[in-house]
Amino acid sequence: MKKVVAITGASSGMGLETTKLMADNNWIVYGGARHIAKIPTTSNIHSLKLDVTDTDSNQNFINTIISEQGHIDALINSAGYGELGPVEDIPIAAARQQFATNFFGAAELTKLVLPQMRKQQHGRIVNISSVGGDIYSPLGAYYHASKAALQQWSDTLDLEVQRFNIRSVVVQPSGTHSTWGPIARKKILQNTHGDPTYTDLVDLMTTTLADNARGMSATATDLAQIIFSATTDKHPHRRYFNTFHDRLTVFVARTLPNIFRRQIQRSIIKTKKQS
Ligand SMILES: NC(=O)c1ccc[n+]([C@@H]2O[C@H](COP(=O)([O-])OP(=O)(O)OC[C@H]3O[C@@H](n4cnc5c(N)ncnc54)[C@H](OP(=O)(O)O)[C@@H]3O)[C@@H](O)[C@H]2O)c1
């Protein structure tokens, strides 16, 4: 019997590349996104319209998979974006939407697959967070908060469901070439409306995002390989990283006293402003 995986954010970036990789490895993939025309359809890939912020849409996504296949082996929560901007400027409605997508979407879909996974006595939930779930930079407050929440939630869930042979794990990418960067940049400009109050930080972060887009070493294909391992490893890790540098960054962030972290951060910001 072929294994079945549900992937959110399958129309772009890591979700799209993971969709192709899992299908190439003989999994039946249900790829969900709002723009389904961007999801390739092959004999192993089914595209379904999905808005993870909409309960009816989430129910339809999971019910369709279970009624068509009778089982679901893995759920990959990749849908997400960065609602970037100064806390003072981001409307609370936009902050709620950030959590609705990056956190509650994953939570609701997971609740929908768990009864079936318990019945089968196996399952894997793979949550795409970010190194930004542990480190933070200016203008990313709601994005970092949503990813930190996803990580704590995933670890707690893992404690609860491991006894049913279900695991919940986290992938923490760093800057990766996809539409994430351009969308985040657009959000900064939208949220600040040209307000000069935070111009230095806006310039700093929009330049950093543009530089990252030019010099980024990771590709969505690289990350698809990591997500594939997180989904298929017999004995999965709690955290997956693309590079040793990403792993080290998170290790340092979690172990270094806050006073040193802030000093390093201030000096990085100062150096970037001067360059
Ligand atoms: N790229 C990076 O530098 C980076 C770094 C660390 C972590 N991440 C995280 O990695 C994940 C994947 O990002 P990516 O780089 O692949 O970004 P991407 O290329 O922009 O893809 C984002 C995907 O999320 C989907 N999506 C957004 N809102 C949705 C909604 N309400 N309902 C359903 N789907 C929705 C989009 O599809 P539609 O618009 O068609 O719905 C798209 O398929 C995200 O969670 C992101 O936060 C990215």
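Each ligand, and each atom within it, is numbered from 1 in the order the structure gives. For reference, positions follow the sequence shown, starting with 1.
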- [ ] Evaluate the criterion side-chain contact (heavy atoms from CB on, under 4.5 Å) for residue pair Leu209 and Ile188; output intermediate values, then yes/no.
- [x] CA-CA 11 Å; Leu209 285 168; Ile188 293 177; 4.0 Å; yes
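- The closest approach between Thr101 and ligand 1 falls below 4.0 Å for a heavy atom of the residue.
- Those atoms of ligand 1 with a heavy atom of Ser11 less than 4.0 angstrom away are 36 (C), 37 (O), 38 (P), 40 (O), 42 (C), 43 (O).
- Remark: side-chain polar atoms of Ser57 are not paired, donor with acceptor, to backbone N or O of Thr53 under 3.5 angstrom.
- A salt bridge between Asp134 and Arg254 is present, with a side-chain N of the basic residue lying under 4.0 Å from a carboxylate O of the acidic one.
- Residue Ser78 places a heavy atom less than 4.0 Å from ligand 1.
- For ligand 1, the atoms lying closer than 4.0 Å to a non-hydrogen atom of Gly175 are 3 (O).
- Considering backbone and side-chain atoms together, Ser178 places an N or O closer than 3.5 Å to an N or O of ligand 1.
- The contact set between ligand 1 and Asp51, taken as ligand atoms under 4.0 Å from a residue heavy atom, comprises 30 (C), 31 (N), 32 (N).
- When heavy-atom distances to ligand 1 are checked against a 4.0 Å cut-off, Leu50 comes that close only through its backbone atoms N, CA, C and O.
- For the pair Thr179 and ligand 1, the shortest N or O to N or O distance falls below 3.5 Å.
- Close approach of ligand 1 to Ser12 (heavy-atom distance below 4.0 Å) involves ligand atoms 16 (O), 18 (P), 19 (O), 21 (O), 42 (C), 43 (O).
- Among Lys38, Arg34, Met14, the residue whose heavy atom lies closest to atom 30 (C) of ligand 1 is Arg34.
- Within the 4.0 Å heavy-atom criterion, neither part of Gln172 lies near ligand 1.
- The distance from the CG atom of Asn44 to the NZ atom of Lys2 is 4.0 Å, given to the nearest 0.5 Å.
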TODO: Apply side-chain hydrogen bond (donor to acceptor under 3.5 Å, both in side chains) to Asp195 and Thr192, showing your working.
DONE: CA-CA 5 Å; Asp195 174 359; Thr192 47; over 6 Å; no
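- In this structure, a donor-acceptor pair under 3.5 Å is present between the side chains of Thr55 and Glu108.
- For ligand 1, the polar-atom distance check finds an N/O of Gly9 within less than 3.5 Å of one of the ligand's N/O atoms.
- Looking at Tyr143 next to ligand 1, an N or O pair under 3.5 Å apart turns up.
- Residue Tyr81 places no N or O, backbone or side chain, under 3.5 Å from any N or O of ligand 1.
- When the heavy atoms of Ile128, Leu223, Asn242 are ranked by distance to atom 10 (O) of ligand 1, first place goes to Ile128.
- Asn127 places no side-chain N or O within donor-acceptor distance of the main-chain N or O of Ile76, the cut-off being under 3.5 Å.
- For Phe241, the CZ atom sits in a packed shell: over 12 heavy atoms of surrounding residues, nucleotides or ligands are nearer than 6.0 Å.
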Open item on the list: Checking Trp180 against Tyr143 for the ring pair (Phe, Tyr, Trp, His ring centres under 6.0 Å) test, could you report, in this order, the C-alpha distance in whole Å, the side-chain angles of both residues, the deciding distance, and whether it holds?
Closed with: CA-CA 12 Å; Trp180 191 95; Tyr143 180 69; 5.0 Å; yes
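- Those atoms of ligand 1 that come under 4.0 Å of a heavy atom in Gly13, given as number and element, are 16 (O), 19 (O).
- Checked by distance only, ligand 1 and Val52 come closer than 3.5 Å through their nitrogen or oxygen atoms.
- Geometrically, ligand 1 and Ile183 share no nitrogen or oxygen pair separated by less than 3.5 Å.
- Of all the atoms in ligand 1, the ones that sit under 4.0 Å from a non-hydrogen atom of His35 are 38 (P), 39 (O), 40 (O).
- When the options Arg239, Arg163, Arg238, Arg167 are evaluated for a salt bridge (Lys or Arg N to Asp or Glu O under 4.0 Å) with Asp158, the one that passes is Arg167.
- Ring geometry for His46 against Tyr30 counts as parallel: the plane angle stays under 30°, on a 0 to 90° scale with 60° as the upper cut.
- Comparing Ser129, Ser130, Ser174, Pro182 against atom 9 (C) of ligand 1, the shortest heavy-atom distance belongs to Ser129.
- A side-chain donor from one of Gln151 and Gln172 sits under 3.5 Å from a side-chain acceptor of the other.
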